[in-house]
Amino acid sequence: MSYETIRFVSAEAVGTITLDRPDQLNALTRIMLGEIGEVLEKTGRGSSLRALILTGSGRGFCAGQDLAEPGVMDAGNRSEAITWSLTRFYHPVIRRLKQLDVPVIAAVNGVAAGAGANLALACDFVLAARGAKFIQAFRHIGLVPDSGGTHVLPRLIGEARARRLMLLGEPLAAETAEAWGMIYRCVDDQDLMAEAEALARQLADGPTRALALTKKALAASPTNDLLAQLEVEAKLQREALATNDWLEGLEAFREKRPAKFEGQ
Ligand code: LHQ
């Protein structure tokens, strides 16, 4: 399957989406969001993929909404167009990333600005090149952070730092993002894809169903108290106990060998 604005390849249970509008720093268009959504829709339960990488081509990861895209920023019915664009194109992508049954790694190769930064933060792991930076750029164009940024950022780095990034719109270097716990890890630029692929391999060789259920438990946690979350864990554990990977994990433990998970 070929796409207009992204590239998608898969090998040995790992899929890689590359945002592919390098001249615009991979700024998001409706077509691009639709294409990302299509890949996400096909990934997950029932597909052979067990991990996904999201990266950008050229020197940027993603500069957020394409500010030159006709229709979105037109003067006429601008506010309706933006609302429609968010609900119709952005929200499904963010929702699918969060709910996807396989882990997703954002391999942030360069600047991640506006919705591009929050797209990365919607992934399970953010691995960034040392030269990358994250910018909550919205305030520079008089907009409010969207794509889930105001939900995820305070939880990752605390209110004070989230306010700083969002109200001032300062670029945050990848190294600082790592030190703040905003991202998983920062690596040398030339090592980014090899590191992302090694992490994807580790995840793809894991107990895929249990990992999906773990994502579910974590997603439920912010709105639950401890007692409610204990119930969620017990319910999800019942599902994990019904998988072949649990039987294999237990057998491998008893036989003192590494488990060979099949993702079933
Ligand atoms: C771009 C863009 C871009 C088009 C660089 N669009 N061309 C959702 C729903 C609906 C509406 C509104 O918003 C949203 C959510 C959002 O994402 S709003 C936030 C949108 N993004 C931004 O405000 C970031 C805008 N870009 C920048 O501030 C800078 O380009 C950054 C800091 C990302 C990179 O700066 P530089 O490294 O200095 O690169 P540059 O500015 O020279 O950009 C390189 C080229 O990419 C340039 O084109 P050109 O033809 O002059 O070489 C830019 O025009 C183009 N580009 N971002 N978002």
Side-chain angles (χ1 to χ4, degrees), residues 3-7 17-37 40 54-98 106-123 126 128-154 156 162-177 182-183 186 189 192:
Y3 296 96
E4 200 179 307
T5 62
I6 64 171
R7 281 180 278 127
I17 301 174
T18 305
L19 308 179
D20 198 20
R21 303 182 68 234
D23 292 345
Q24 293 81 22
L25 302 179
N26 304 314
L28 298 159
T29 59
R30 281 165 285 181
I31 291 178
M32 190 189 262
L33 288 159
E35 292 183 340
I36 299 168
L40 297 179
L54 175 65
T55 192
S57 72
R59 72 175 176 91
F61 172 72
C62 176
Q65 168 64 39
D66 185 328
L67 296 175
E69 182 176 29
V72 174
M73 307 302 281
D74 289 352
N77 56 348
R78 196 162 44 194
S79 57
E80 270 172 40
I82 290 182
T83 308
W84 175 74
S85 178
L86 285 174
T87 53
R88 170 72 180 76
F89 296 97
Y90 281 81
H91 296 183
V93 166
I94 300 297
R95 213 167 38 233
R96 281 187 188 133
L97 280 172
K98 297 305 281 183
V108 179
N109 51 302
V111 67
N118 295 337
L119 181 69
L121 296 179
C123 297
V126 183
R130 211 167 292 284
K133 57 189 172 178
F134 298 83
I135 315 175
Q136 294 292 329
F138 307 86
R139 58 95 69 216
H140 298 305
I141 53 169
L143 288 183
V144 174
D146 58 28
S147 305
T150 56
H151 188 264
V152 70
L153 206 54
L156 286 172
R163 277 174 204 279
R164 172 173 162 188
L165 294 187
M166 291 181 158
L167 297 181
L168 297 176
E170 293 171 341
L172 187 73
E175 277 182 355
T176 315
M182 188 178 108
I183 63 169
C186 160
D189 292 19
L192 179 71

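We count ligands from 1, going down the list as the structure has it; atoms in each ligand are counted the same way. Only this structure's heavy atoms are used, side chains among them; waters, hydrogens and symmetry mates stay out.
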Exercise for the section: For atom CD of Glu4, decide whether the heavy atoms of other residues, nucleotides or ligands shown that lie under 6.0 angstrom number more than 12. Expected result: no
Handout entry: Which segment of Ala115 sits under 4.0 Å of ligand 1 when only heavy atoms are counted
Key = both
Problem - Those atoms of ligand 1 less than 4.0 Å from some heavy atom in Leu86 - result: 8 (C), 9 (C)
Handout entry: CZ/Arg164: more than 12 non-hydrogen atoms of other groups inside 6.0 Å
Key = no
Problem - Euclidean distance, Tyr3 OH relative to Ile31 CD1, rounded to 0.5 Å - result: 13.5 Å
Handout entry: Contact atoms of ligand 1, heavy-atom distance to Tyr90 under 4.0 Å
Key = 8 (C), 9 (C)
Fill in the blank from the handout: Filtering Glu69, Gln65, Lys133 for the heavy atom nearest atom 20 (C) of ligand 1 leaves Gln65
Exercise for the section: Report the distance from atom CG of Leu40 to atom CZ of Arg95, rounding to the nearest 0.5 Å. Expected result: 12.0 Å
Handout entry: Those atoms of ligand 1 less than 4.0 Å from some heavy atom in Ile135
Key = 32 (C)
Fill in the blank from the handout: Checking heavy atoms under 4.0 Å, the part of Arg59 that sits near ligand 1 is side chain
Fill in the blank from the handout: ligand 1 to Gly64, heavy atom cutoff 4.0 Å, flagged ligand atoms 17 (O)
Fill in the blank from the handout: With heavy atoms and a 4.0 Å threshold, my read on which part of Leu67 contacts ligand 1 is both
Handout entry: Any donor-acceptor N/O pair, Asp20 side chain to Thr5 backbone, under 3.5 Å
Key = no
Exercise for the section: Please work out which of Leu119, Leu25, Asp23, Asn118 has its closest non-hydrogen atom nearest to atom 47 (C) of ligand 1. Expected result: Asp23
Problem - Proximity winner for atom 12 (C) of ligand 1, if only heavy atoms of Leu143, Asp146, Asn26, Val111 are counted - result: Leu143
Handout entry: Asn109 side-chain N/O to Gly58 backbone N/O, donor-acceptor pair under 3.5 Å
Key = yes
Practice task
May I ask you to decide if Gly114's main-chain N or O and Gln65's side chain share a donor-acceptor pair within less than 3.5 Å?
Solution key: no
Handout entry: Donor-acceptor under 3.5 Å (Asp189 side chain, Gly131 main chain)
Key = yes
Handout entry: Heavy-atom gap Gln24 to ligand 1 smaller than 4.0 Å
Key = yes
Exercise for the section: Mark the output for Phe89 as yes if a heavy-atom distance to ligand 1 is under 4.0 Å, and as no if none is. Expected result: no
Fill in the blank from the handout: Restricting to heavy atoms, the pick from Ala113, Ala63, Ala117 nearest atom 22 (C) of ligand 1 would be Ala63
Problem - Sidechain-backbone polar pair: Arg7 side chain, Thr18 backbone, donor-acceptor under 3.5 Å - result: no
